[in-house]
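Residue numbers run from 1 in the order of the sequence given. All heavy atoms count here, side chains included; hydrogens, waters and symmetry mates do not.
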Amino acid sequence: MDNSDNIKNNKNIFISRSMADTEYLAGIVAGKLKGGDVILLNGEMGAGKTAFTKCLAKRMGVKDIVTSPTFTFMKEYRGERFALYHFDMFRAEDEDELYELGLNDYLYMNGICVIEWNKFEDVKDPIAIDIAVRDDGNRVFEISGMDIDI
């Protein structure tokens with residue numbers, strides 16, 4: 001893997017040129033998770049939030065097919081060390097709706113929460129992953145809240 005485009009500063013920046021690159025990054029992130037972590041995925045529609053989650057799930061040992069929980073708000077998967085709670089809040093009106101559904105109960109459990117289109121206002125110590133699509137189609141991942149060596 002050519003890391004020449006990867007820059008280390010107060011945010012960890014990673015350029016993904018392929019799904020293999022994205023899975024490589026997901027493997028690094030998965031190896032640092034402790035349980036109770038909350039990952040906030042930010043990016044425009046089609047940036048690769050769900051694709052990253054699928055890669056992360058695979059690297060966490062999830063055997064199930066991971067799909068977007070757009071219409072159910074949350075899907076749960078069992079990994080080798082931790083459960084993965086995959087949230088997609090795109091269709092949620094506001095935080096109150098999520099509390100009414102009890103989805104906040106999953107935050108900070110021993111599993112890993114991955115949240116797309118976050119609507120929770122009070123997430124403590126999140127790992128934020130911002131994904132942007134470059135003109136050449138490659139993805140730029142900016143990671144804060146976690147120190148990683150790329």
Side-chain angles (χ1 to χ4, degrees), residues 6-16 19 21-134 137-150:
N6 301 333
I7 303 164
K8 186 118 169 145
N9 55 27
N10 62 348
K11 283 192 173 187
N12 300 293
I13 298 176
F14 182 83
I15 309 294
S16 175
M19 283 301 291
D21 285 355
T22 299
E23 188 173 328
Y24 171 79
L25 175 62
I28 293 170
V29 171
K32 296 279 191 171
L33 298 173
K34 302 177 194 107
D37 296 302
V38 178
I39 300 172
L40 303 179
L41 296 178
N42 304 301
E44 63 188 42
M45 187 79 65
K49 295 178 294 297
T50 300
F52 177 81
T53 303
K54 289 178 181 185
C55 292
L56 182 68
K58 181 178 178 183
R59 297 306 294 260
M60 289 177 59
V62 171
K63 304 293 184 211
D64 297 322
I65 295 172
V66 174
T67 59
S68 177
T70 301
F71 294 101
T72 58
F73 293 120
M74 194 272 293
K75 289 187 179 178
E76 180 177 346
Y77 303 96
R78 293 287 167 205
E80 292 170 0
R81 292 179 31 217
F82 305 111
L84 173 65
Y85 306 108
H86 181 198
F87 294 80
D88 185 330
M89 300 180 184
F90 181 76
R91 297 194 184 284
E93 294 293 323
D94 57 30
E95 184 178 28
D96 291 338
E97 180 179 4
L98 301 168
Y99 280 103
E100 287 175 19
L101 294 171
L103 295 180
N104 59 308
D105 293 342
Y106 290 90
L107 299 177
Y108 318 113
M109 291 175 52
N110 194 37
I112 306 301
C113 290
V114 176
I115 303 174
E116 299 181 37
W117 306 102
N118 181 46
K119 299 274 190 328
F120 289 120
E121 294 181 13
D122 58 353
V123 177
K124 294 176 183 73
D125 302 319
I127 299 165
I129 301 178
D130 299 326
I131 308 169
V133 181
R134 295 193 327 189
N138 293 329
R139 271 47 178 182
V140 178
F141 289 81
E142 292 188 38
I143 302 169
S144 60
M146 170 184 274
D147 288 327
I148 60 173
D149 293 319
I150 301 174

Original post:
Which value, rounded to the nearest 0.5 Å, describes the distance between I129 atom CD1 and I143 atom CD1?
Top reply: 4.5 Å
**OP:** Please lay out, stage by stage, how L107 and I115 fare under the test side chain to side chain contact (heavy atoms under 4.5 Å, CB included).
**Re:** CA-CA 10 Å; L107 299 177; I115 303 174; 3.9 Å; yes
Subject >> Nearest-0.5 Å distance, CG of residue L33 to CD1 of residue I39 >> reply: 5.0 Å
Original post:
Does some side-chain heavy atom of M60 sit less than 4.5 Å from a side-chain heavy atom of Y77?
Top reply: no
Original post:
Of all heavy-atom pairs between R81 and A30, which one has the smallest distance, and what is that distance?
Top reply: NH1-O, 4.3 Å
**OP:** Would you mind reporting whether W117 and M45 have side-chain heavy atoms less than 4.5 Å apart?
**Re:** yes
Original post:
Nearest heavy-atom pair of F141 and S16: which atoms, and what distance?
Top reply: CE1-CB, 3.6 Å
Original post:
How long is the span from the CD1 atom in I131 to the CD atom in E116, to the nearest 0.5 Å?
Top reply: 8.0 Å
Original post:
What residues, two or more places apart in sequence or in another chain, satisfy side chain to side chain donor-acceptor pair (under 3.5 Å) together with T67?
Top reply: K75
Original post:
Is there a side chain to side chain contact (heavy atoms under 4.5 Å, CB included) between R139 and V133 once you walk through the steps?
Top reply: CA-CA 5 Å; R139 271 47 178 182; V133 181; 3.7 Å; yes
**OP:** Supply the atom-to-atom distance I127 CD1 to L41 CG, rounded to the nearest 0.5 angstrom.
**Re:** 10.5 Å
**OP:** For the residue pair F87 and F120, categorise the inter-ring angle as parallel (less than 30°), tilted (30 to 60°) or perpendicular (more than 60°).
**Re:** perpendicular
Subject >> Any K63 side-chain heavy atom under 4.5 Å of E80 side chain >> reply: yes
Original post:
How far does CD1 of I28 sit from CG of N12, to the nearest 0.5 angstrom?
Top reply: 9.5 Å
Original post:
Do side-chain atoms of K49 reach the backbone of E44 as a donor and acceptor pair under 3.5 angstrom?
Top reply: yes
Original post:
How long is the span from the NZ atom in K34 to the CD1 atom in I112, to the nearest 0.5 Å?
Top reply: 9.5 Å
**OP:** With sequence neighbours excluded, tell me which residues meet side chain to side chain donor-acceptor pair (under 3.5 Å) with K119.
**Re:** none
Original post:
K54 and T22: side chain to side chain contact (heavy atoms under 4.5 Å, CB included), yes or no, with the steps?
Top reply: CA-CA 10 Å; K54 289 178 181 185; T22 299; over 6 Å; no
**OP:** Grab the two heavy atoms, one from K58 and one from E23, that are nearest each other, plus how far apart they are.
**Re:** NZ-OE1, 3.3 Å
Subject >> Results of salt bridge (charged side-chain N to carboxylate O under 4.0 Å, His left out) for K32 - residues two or more places apart only >> reply: none
**OP:** Answer whether the closest heavy-atom distance between the side chains of N42 and E142 falls below 4.5 Å.
**Re:** no
Original post:
For V114 and F52, what are the C-alpha separation, side-chain angles and deciding distance, and is it a side chain to side chain contact (heavy atoms under 4.5 Å, CB included)?
Top reply: CA-CA 10 Å; V114 176; F52 177 81; 5.7 Å; no
